[in-house]
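Take a look at the structure below.
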Amino acid sequence: MGGKVLPESWRSRWKMRFHIISVIGKRDFLISFRTFWFYGALLLSLLIASFSIASYLAYVEQNGLLVIKNPLFPPLIIVTLVGAGYLGLWAAISMATERIRGTLEVLFYGPVDVISFILGKSLGLFGVYPLIMLGWTLYIFYASLITRLPLPEHLPLILLLSSGLVLDVIGFGALLSVLLNSIRSTALMSIAIFGLSLAIPLGEPFWLEWVAYPIRQQLSSILALIRWISPFTYLWQGLLAIEVGDFTSYAFNLFAGMIYAGFALGLACYSLRRKGVRRP
Amino acid sequence: MSEGNGAVVVAAEGLTKYYGKHKAVENLHLKVHAGEIYALLGPNGAGKTTALLMLLGIITPTSGRVLLFGEELRDSSFALKRRIGVVSEYQNLYTSMTVWEYLAFFADLYSVDRKEERIEYWLTTLQLADYADDYVGALSHGMRQKLGLIRALLHDPDLLILDEPTSGLDARAIEQVRRLIQAERKRGKAILFSSHILTDVERLADRVGILHQGRLLVEGDMEQLCEAAGKETQVEVQLQSVLPEVIAALRREPCVHKVLEENNRLLITTSKAADSLSQISQAITSAGGVILSMQTKRASLEEAFLTITNANVTTLVDGLKDR
């Protein structure tokens, strides 16, 4: 008792860090299934996807033609976006709650550092995604079976790309949770940013036609900036690459998405270290 | 006991914390040894929590440094942090977990061996076993306080840092926590706690540091605190019979300020109890007196605390520095 502590080696420090990441990750993975919001988001995504399929089938029935090349692709993207958005939002709220309610401070009394906390929380939530993905895949298979519509092309590639997206969104959520000082502002800002990140590129072809040329040019520059910071960028570009069969570009976007996630998580760690773990 | 019996576990060297222009803690030096209970006593807003959080690395000091077990604490000092158990004033618990899940989570974080056994032991010891499956959010304030204490003790830490550990507890639970703290001290643990409850400090602490407006005004055991506060000690001596020679001999002793006689009892006012007791007894016996009993009546901690933290603190501190 009272003796000196032996200096920790780099290896033992990382071993301990991995242990803490796994403990925090496991806890957050299990806790996420207890929330109403998880099942709410799942149900919402399936309802929207089902509505999209039903609308498509009604359209086909009215016109007697299959007019879309890849009919189950839009529902798949919808469930992916809703799921990723939910996990990103949950990451932001969950980390902000830890900091603002003081439980983060209690963790830091013990063997937890910023890296193990941010990675543990993020990977715990990321671990939920394969299960969600499995559910969606079964749903898409089932939808294909009963509607006789073909499965989306390159389904495994899309699912792999969507995993990258989820990590990006979680990383972005983690960063927002550290930068903002209340749970409500974190939630609202996350919803606003995720919403804008989706709405702007999706609506681009429509609203660009409505604005005058000089403003259009400026807006295009703003769009380019949003593309740089939007966590959804690499999903869009990767999907585009799949559509045109450019697999080099697909691989690049998948890789760039990982880099984006790493950068966002790294920035979250740096900001948390600077800001401190004390409740604001 | 004045400074524990073991190695230095906590050493704060010139810790200072400013929030903008506001000074929260100024030039704090303190040491806590293994097997010692050290109490930081101070009124609300004195800087006790800030001081403790600086020791834990949660708040970065503006200047100064902290050594725990001889090492500087860093964010990733995992081995070092595993030797510390902390109870904060506000427990900040995960309310959506059950009591058992909460403790199991922390046991896993600290890699506690035989965690089920340890959790069961502490839940039983602190009478929370019946609530193991209840959600933490449903517990009363006192139970949450106990849960925080179990979390701090679960991994058998060498250093316990407790911020207002008995705050919000009922009388029975307070006694239980006090006994627990004393038991941990007996096992050689270093215990640093902050409190504004004088009874806790008086009954538990081996040494006390009085913090006021961010400054450690005085530090020492009860005897030294009373002395620093300028409070005189009274010695009550029961004699077989009071002889005039005895009173005369006592009045000649430099440490004796006043002697009062009452039946066969003498009430002697003295300055330094520790040194003066032998002088008083020697004076009485050499003058032919027969001592039946002898006891000191020192000033209470409350009196010492109020004297030290009153408006004349600056003068007192200057006086102490000159000694």
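Note: hydrogens, waters and symmetry copies are ignored here, and every other heavy atom, side chains too, is used.
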Query - Minimum side-chain heavy-atom gap A/V112-B/F78 below 4.5 Å - result: no
**Report entry** Approximate separation, where rounding is to 0.5 Å, of A/R278 CZ and B/T60 OG1
**Finding:** 12.0 Å
Query raised in the report: So which of A/I115, A/I31, A/L107 has the biggest tally of heavy-atom pairs under 4.5 Å with chain B?
Result: A/L107
Query raised in the report: Measuring from B/D108:CG to A/I20:CD1, what's the distance to the nearest 0.5 Å?
Result: 11.5 Å
Report task. Give a yes or no on whether a salt bridge exists between B/E101 and A/R34, defined as a side-chain N under 4.0 angstrom from a carboxylate O. Result -> yes
Report task. Report, as yes or no, whether the 6.0 Å neighbourhood of atom OH on B/Y90 holds more than 12 heavy atoms from other residues, nucleotides or ligands. Result -> no
Requested in this report: Would you check if B/I58 and A/V277 make a side-chain contact, meaning some heavy-atom pair closer than 4.5 Å?
Outcome: yes
Query raised in the report: At their closest point, which heavy atom of B/L93 faces which heavy atom of A/T103, and how far apart are they?
Result: O-CG2, 3.7 Å
Query - Atom pair CE/OG of A/M16 and B/S111 - distance to nearest 0.5 Å - result: 4.5 Å
Query raised in the report: How about B/R118: does its CZ atom have over 12 heavy atoms from other parts shown lying under 6.0 Å from it?
Result: yes
Report summary line: If one checks every heavy atom of B/I59 against chain A at 4.5 Å, the contacting part turns out to be side chain
Query - Cation-pi check, B/R151 onto A/Y109 ring (under 6.0 Å, within 45° of axis) - result: no
Query raised in the report: With a 4.5 Å limit on heavy-atom distance, are the side chains of B/F105 and A/K26 in contact?
Result: no
Query - Winner by heavy-atom pair count (cut-off under 4.5 Å) against chain B, out of A/S116, A/G276, A/G110 - result: A/G110
